[in-house]
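The block underneath contains the structure these notes are about, expressed in structure tokens.
No hydrogens, no waters, no symmetry mates; every other heavy atom, side chains included, goes into these values. So that the names make sense, note that chain A is the first sequence line, chain B the second, and so on, each numbered from 1.
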Protein chains: 2
Amino acid sequence: MNEQNYPEFTGLELSPRKVDYLKFIFEKKGTVKTTEISSCLHVDPSTTSKTLNELASAGYLNHVPYRGVDMTEMGNAYAEFLVRRHRILSLLFTHYGLSTEEACAEVSRFEAFVSRDAVNKICNSMGHPMVGVCGEINHEKCFHEEHYH
Amino acid sequence: MNEQNYPEFTGLELSPRKVDYLKFIFEKKGTVKTTEISSCLHVDPSTTSKTLNELASAGYLNHVPYRGVDMTEMGNAYAEFLVRRHRILSLLFTHYGLSTEEACAEVSRFEAFVSRDAVNKICNSMGHPMVGVCGEINHEKCFHEEHYH
DNA sequence: AAATTGTTTGGTATAACTCCAAATTATTTG
DNA sequence: CAAATAATTTGGAGTTATACCAAACAATTT
């Protein structure tokens with residue numbers, strides 16, 4: 001049976017801001033520099049530097065000091081979930097009268113507190129939509145019971 | 001035109017924990033004692049005491065020291081929103097494969113970050129359901145454009 | 001190689017929580 | 001009704017998540 005590599009996570013392990021960092025780095029692909037993150041996330045480079053260290057210590061990123069960061073295999077798998085969660089929830093909200101922008105903004109505020117279990121159930125119930133409101137939805141790593149019923 | 005008394009709020013003014021306190025006190029009706037809140041919310045009475053003070057300073061509660069708290073008119077109006085938000089979101093999630101308990105637990109984690117505007121849009125789009133999964137949904141104070149067009 | 005730019009470290013701050021111990025007030029009981 | 005008990009508040013302190021500034025350090029450019 002096709003098992004996930006990192007099935008142990010609940011989806012609640014990262015704080016809201018760390019979710020922002022990881023999603024941003026993931027979507028950039030390749031090595032990302034501190035300054036770029038800082039200016040896009042509107043924080044001081046020193047703040048970014050510290051957060052990057054924490055994400056690296058937790059195993060999500062490889063950090064070469066003064067050079068930049070890139071995703072670990074685990075970070076990548078996790079970030080895929082983060083992006084899928086964001087898109088599933090945003091898509092959901094657009095079905096209830098919110099515009100794309102409103103839905104994204106709303107979801108960005110609370111997504112860090114929605115569990116992987118809930119996302120999987122919602123995703124399943126929506127029929128695993130491939131297209132979200134702010135990008136494609138990748139279901140490759142989306143394995144859960146209902147898939148095999 | 002039937003205007004709301006406290007239309008100025010975004011729904012994001014209270015922290016997650018303060019939302020818990022206010023919902024709890026609201027649902028109790030009447031004067032509530034520190035100890036009761038503490039034991040239900042599983043926190044030290046000193047923590048409750050401090051939080052109650054903050055909610056009173058912010059105008060949501062009347063606090064008579066050593067006697068207990070009850071809702072102000074504003075607190076009441078706000079708590080009605082809080083409960084409605086919780087129930088609308090919980091109901092929404094049960095439509096996507098989550099059980100009542102799962103939906104409530106999930107929503108409790110993030111509801112503080114969902115705006116009043118979003119709740120009103122979702123509520124409107126759902127046709128103002130009267131029955132939630134964990135109680136009645138009160139729409140009395142739920143006035144927004146779409147209601148009158 | 002010197003100047004500039006980018007990054008990190010150390011220090012400090014705030015908000016939102018939390019608890020413990022001590023002081024205070026209210027209630028119960030003998 | 002005074003003394004004991006119970007409830008509440010206050011003062012002090014700690015944690016986590018976030019942020020900034022200033023100074024040190026490293027990399028790049030000139």
Side-chain angles (χ1 to χ4, degrees), chain A residues 9-25 28 30-70 75 78 82 105 108-114, chain B residues 9-25 28 30-70 75 78 82 105 108-114:
Chain A
F9 66 91
T10 63
L12 307 175
E13 20 286 291
L14 293 185
S15 68
R17 212 57 175 128
K18 289 209 173 85
V19 168
D20 295 338
Y21 281 87
L22 213 60
K23 280 196 303 181
F24 179 81
I25 296 160
K28 278 286 161 185
T31 298
V32 189
K33 307 295 253 21
T34 297
T35 309
E36 189 178 5
I37 300 169
S38 286
S39 63
C40 289
L41 264 51
H42 306 292
V43 293
D44 194 276
S46 65
T47 303
T48 297
S49 191
K50 277 165 190 171
T51 306
L52 259 24
N53 253 318
E54 290 168 6
L55 286 168
S57 298
Y60 298 96
L61 299 176
N62 294 127
H63 186 198
V64 182
Y66 295 98
R67 280 294 153 95
V69 289
D70 64 0
Y78 201 83
L82 296 183
S108 295
R109 243 186 284 106
F110 70 77
E111 58 188 352
F113 306 104
V114 180
Chain B
F9 66 91
T10 63
L12 306 176
E13 20 286 292
L14 292 185
S15 67
R17 212 56 176 130
K18 289 208 173 84
V19 169
D20 295 337
Y21 282 88
L22 213 60
K23 281 195 304 180
F24 179 80
I25 297 159
K28 278 285 161 186
T31 299
V32 189
K33 308 298 256 12
T34 298
T35 310
E36 188 177 4
I37 301 170
S38 285
S39 62
C40 290
L41 264 52
H42 305 292
V43 291
D44 194 277
S46 65
T47 303
T48 297
S49 190
K50 276 164 191 171
T51 308
L52 259 25
N53 253 320
E54 290 167 7
L55 286 168
S57 298
Y60 298 96
L61 299 176
N62 295 126
H63 187 197
V64 182
Y66 296 98
R67 278 297 154 92
V69 288
D70 64 0
Y78 200 83
L82 296 184
S108 294
R109 240 187 283 107
F110 69 77
E111 58 189 350
F113 306 104
V114 180

message: Measure CD/E36(B) against P/dA7(D) and give the value in whole Å, please.
response: 12 Å
field: Nearest-angstrom distance from the residue atom CG of L61(A) to C1' of dT8(C)
entry: 16 Å
Is any side-chain heavy atom of [X] closer than 4.5 Å to a side-chain heavy atom of [Y]?
X      : Y      : answer
V19(B) : S15(B) : no
K33(B) : V69(B) : no
L55(A) : K18(A) : yes

Report the nucleotide, chosen from [options], that has the shortest atom-to-atom distance to any side-chain atom of [X].
X      : options                   : value
K50(A) : dG12(D), dA27(D), dT9(C)  : dT9(C)
Y66(A) : dT18(D), dA26(D), dC17(C) : dA26(D)
S46(A) : dT9(C), dC17(C), dA27(D)  : dT9(C)
K18(A) : dT25(C), dT18(D), dC19(C) : dT18(D)

Considering every strand and a 4.0 Å limit on heavy-atom distances, what is the contact class for [X]: base, sugar-phosphate, or nothing?
X      : value
K33(B) : sugar-phosphate
P65(A) : sugar-phosphate
T47(B) : base
T34(B) : sugar-phosphate

- prompt: At under 4.0 Å, does any side-chain N or O of R67(B) touch on OP1 or OP2 of dT27(C)?
  reply: yes
Gap between atom CG of L41(A) and atom OG1 of T48(A) - 0.5 Å precision: 6.5 Å
